[in-house]
Amino acid sequence: MGVYHAGSRAVQDRVGVRDLADHVGRAVGQGVKPVAAAFLELQPFLVLGAAAPETGRVWSTVVTGPPGFVRATGPHQISVAGGPPATDPLATALTAPGTPVGTIALDPRTRRRMRLNGRLRPTARGFAVEAEQVFANCPKYLQKRESYQTVEDRRPGTPRHGGELTSRQGALVAAADTFFLATVHPDGADASHRGGNPGFVRVDSPRALSWPDYPGNAMFLTLGNLATDPRAGLLFLDWTAGTALQLTGEARTEFDADGERRVRFTLTEAVETEGAVPLRWSAPEYSPANPEPAG
């Protein structure tokens, strides 16, 4: 499988960055290099994206553990000890051999991130992912959080399901400086990060969100996926209280005459779990690359 499929190529051509994308794409490989393996072993959480086999809906979720719970266990493989709870929308997907899955390891302490996409294989301790694409992204739009504490007595609450955002959920989204975005294409899945100053994600209605697509690495993996398959999964985290808000629905990109891009997301289902993440992070230092949200 090449780095780019027709959807990504179409967006690159529309924006006029195919040559730059070809240059950036040379950094994408299938191997987990020693520096990447060392980075993974320091992380207390990993974000994943996939389609749920029961419904076909695309979701993003987070798994946590002590540093070392995610490890490179071969030149083309990572292994994860544990997994999401049985109530998670991706619980079945992450136990099914061959599930296409996207992963992103993000370290707020260093503003570094690593993405690995591939196929899942269940293991005795959790699951492994055989890598098909491995690459790092620049620190643009990443908020720095200096440290975290593990809250030992924090336990996940009962998930709340709904077809539209509650006022509290809308407030979490509107205050977010970070979220994760899962998308799919015919040959795989991807998980990416979106960041900005609070307010960069707009709650247009209880069933509609939108956000600007800021300039990035010119690969357009996410927007390319959406061009071929609009299914998407969003994950918002409360970095202090540990609440996870998972949204699934469809997303489409709007291009205006000035070259600005905006993604519009229509919600199908929301799942909110209090205490889902046993980590309490320090206050953010916003990225100097963040534009001011439009009024």
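Values below: every heavy atom of this structure, side chains too, minus hydrogens, waters and symmetry copies. Model, not experiment: these values are computed from the prediction.
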Notebook entry, point to check: Between Ala91 and Pro85, which heavy-atom pair has the shortest distance, and what is it?
Noted result: CB-O, 3.5 Å
Note to self: Check Asp22 with Arg9, please: is the shortest side-chain N to carboxylate O separation under 4.0 Å?
What the structure shows: yes
Note to self: Does either side chain, that of Ser192 or that of Thr222, offer a donor lying less than 3.5 Å from an acceptor on the other one?
What the structure shows: yes
Margin query: For Gln143 and Asn197, which I'm curious about, is there any donor-acceptor pair between the side chains at under 3.5 Å?
Written below: no
Note to self: If only side-chain N and O atoms count, and only distance matters, is there a donor-acceptor pair under 3.5 Å linking Asp190 with His185?
What the structure shows: no
Check: Do Arg280 and Thr150 have side chains that get closer than 4.5 Å, going by heavy atoms?
Finding: no
Notebook entry, point to check: What pair of heavy atoms forms the shortest contact from Ala50 to Thr99, and how long is it?
Noted result: CB-CG2, 4.2 Å
Check: Pick one: which of Trp211, Tyr286, Tyr214 meets ring-ring contact (aromatic ring centres under 6.0 Å, His included) with Tyr141?
Finding: Tyr214
Note to self: For a quick test of reading the model, state the closest non-hydrogen atom pair linking Gln77 to Ala128 and the distance between them.
What the structure shows: CD-CB, 3.8 Å
Next item on the list: Could you tell me whether Glu146 and Arg109 make a salt bridge, using a distance below 4.0 angstrom between a side-chain N and a carboxylate O?
Entry: no
Notebook entry, point to check: Within 45° of the axis and under 6.0 Å from the centre of the six-membered ring of Phe255, does NZ or CZ of Arg14 qualify?
Noted result: yes
Next item on the list: Compute whether any side-chain donor of one residue and acceptor of the other, for Asn225 and Thr183, lie under 3.5 angstrom apart.
Entry: yes
Next item on the list: Any chance you could pull the hydrophobic cluster mates of Trp281, using side-chain heavy atoms under 4.5 angstrom and chaining through other members?
Entry: Phe45, Val47, Val62, Ile104, Leu106, Leu142, Tyr148, Phe180, Leu235, Leu237, Trp239, Val277, Leu279
Margin query: Tell me if the NE2 atom of His23 is crowded by more than 12 foreign heavy atoms within 6.0 Å.
Written below: no
Check: Is the closest basic N to carboxylate O distance between Arg168 and Glu272 below 4.0 Å?
Finding: yes
Checklist line | Set of salt bridge (charged side-chain N to carboxylate O under 4.0 Å, His left out) partners for Glu130, sequence neighbours left out | finding: none
